[in-house]
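Presented below is the structure to which this report refers.
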Amino acid sequence: MNHVQGKGGYENLNISLLESKINETGWLKAHIYEQVTSTNDVVLENLTEVVTGLGIVAIANEQTKGRGRLDRKWSAPAGSGIAMSIGMKAQDFPSQLSAIPLICGLAVIRTLEKYSIPVALKWPNDIVFASTNSGHQEQTGNKLRKVGGILVQLVQDNLIIGIGLNVSLKHEDLPVAHATSLQIEGYEVDRHELISKLLEEINFLRSENFNWLEDYKNSCVTIGKNVSVKNFSGETITGQAVDVLATGALVVKNLENLYQITIGDVEHLDVDRD
Ligand code: BTN
């Protein structure tokens with residue numbers, strides 16, 4: 001595949017450029033495709049290649065059955081974003097397993113901040129624009145606008161870390177009204193460079209003794225908000241999100257109790273502003 005315009009005016013990935021950037025990382029073997037069902041599936045099919053100290057990365061120009069958290073779909077037109085999954089031994093990411101999805105979210109934030117892009121995290125790892133200074137604001141009523149997400153799977157002793165980011169997605173192709181893209185928000189970013197910076201950041205956060213929690217909390221717009229969250233037993237809890245723990249759990253407080261939420265979908269009840 002060459003670096004050319006694809007369907008809908010989106011630019012296809014340049015595979016050889018990407019391969020050479022990934023080879024420079026030294027810790028990942030690349031699988032790059034025009035079209036796959038899901039890059040998480042590609043990693044799953046190639047897990048035998050994953051050994052201690054050497055992972056694999058799958059990247060696709062288009063996913064036909066991209067998956068999101070909580071059994072949702074993740075869809076984007078070919079060439080409009082980043083669909084990437086990393087496979088590695090869990091022991092190569094020596095953090096608490098339950099915190100890894102949050103740390104990967106933080107890696108995306110730290111990478112985008114290098115481009116001075118003001119993104120934030122909605123617990124646990126939605127990548128959002130929370131500021132009100134976007135042309136897209138009118139359609140979303142000042143709500144958080146989601147630009148990316150992360151799906152982490154644990155398969156035996158392997159981690160599959162899937163990252164989806166809307167890069168050049170246009171208004172007319174948005175899957176839902178509260179979605180957005182870097183381009184819609186006014187940021188033009190080269191996907192090849194962004195992918196390589198993301199891989200560097202994940203490598204940094206997994207290998208250094210880095211205090212991710214303080215950084216995470218500073219980037220997390222859920223803390224301090226009134227929220228409603230359905231926990232894994234189906235109970236809806238409403239209260240104020242007051243903290244995030246080293247386990248990755250969100251602490252929600254109301255008049256009755258303090259709850260530690262480990263899995264769930266959080267709805268911010270306040271209007272989300274700066
Ligand atoms: C979410 O916010 O619900 C998570 C979205 C994760 C999407 C990415 S795209 C690359 C990888 N492959 C998938 O099928 N899903 C993840």
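One-based numbering, in listed order, for ligands and for the atoms of each.
- Of the listed residues (Thr37, Asn40, Thr39, Asp41), just one forms a side chain to side chain donor-acceptor pair (under 3.5 Å) with Arg67, and that residue is Asp41.
- Taking atom 4 (C) of ligand 1 as the reference point, the nearest protein heavy-atom neighbour is Ile150 N, 3.4 Å.
- Atoms of ligand 1 found under 4.0 Å from any heavy atom of Lys146 (numbered from 1 in listed order, with element): 1 (C), 2 (O), 3 (O).
- Heavy-atom contacts of Arg69 reach the following atoms of ligand 1: 1 (C), 3 (O), 4 (C) (cutoff under 4.0 Å).
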Go through the steps to decide whether Lys29 and Glu49 satisfy the test salt bridge (charged side-chain N to carboxylate O under 4.0 Å, His left out), and finish with yes or no. CA-CA 9 Å; Lys29 179 180 168 191; Glu49 292 177 0; 3.2 Å; yes
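- When Gln153, Arg67, Lys65, Gln63 are ranked by how near their heavy atoms come to atom 7 (C) of ligand 1, first place goes to Arg67.
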Start with the C-alpha gap between Lys114 and Glu201, add the side-chain angles, then the distance that decides, and say whether salt bridge (charged side-chain N to carboxylate O under 4.0 Å, His left out) holds. CA-CA 11 Å; Lys114 290 182 180 149; Glu201 194 59 37; 2.6 Å; yes
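- Defined by atom type and a distance below 3.5 Å, a donor-acceptor pair is present between the side-chain atoms of Tyr10 and Asp173.
- Under 4.0 Å from ligand 1, not a single heavy atom of Asn125 appears.
- Ring to ring, Tyr115 and Tyr187 are not that close: their centroids are 6.0 angstrom or more apart.
- Scanning the protein for heavy atoms near atom 5 (C) of ligand 1, the closest one is Trp74 CE3, 3.5 Å.
- Here is the list of ligand 1 atoms found below 4.0 Å of a heavy atom in Thr39: 10 (C), 11 (C), 12 (N).
- Ligand-side atoms of ligand 1 in range of Met84: 10 (C), range being under 4.0 angstrom from any heavy atom.
- Residue contact check for ligand 1: Arg72 places no non-hydrogen atom closer than 4.0 Å to it.
- When heavy-atom distances to ligand 1 are checked against a 4.0 Å cut-off, Asp41 has no atom that comes that close, whether in backbone or side chain.
- In this structure, the protein non-hydrogen atom closest to atom 8 (C) of ligand 1 is Gly164 N, 3.6 Å.
- Looking at Gln96 and Ser98, their side chains come closer than 4.5 Å, going by heavy atoms from C-beta outward.
- In this structure, Lys217 places its NZ atom where more than 12 heavy-atom neighbours from other residues, nucleotides or ligands lie under 6.0 Å away.
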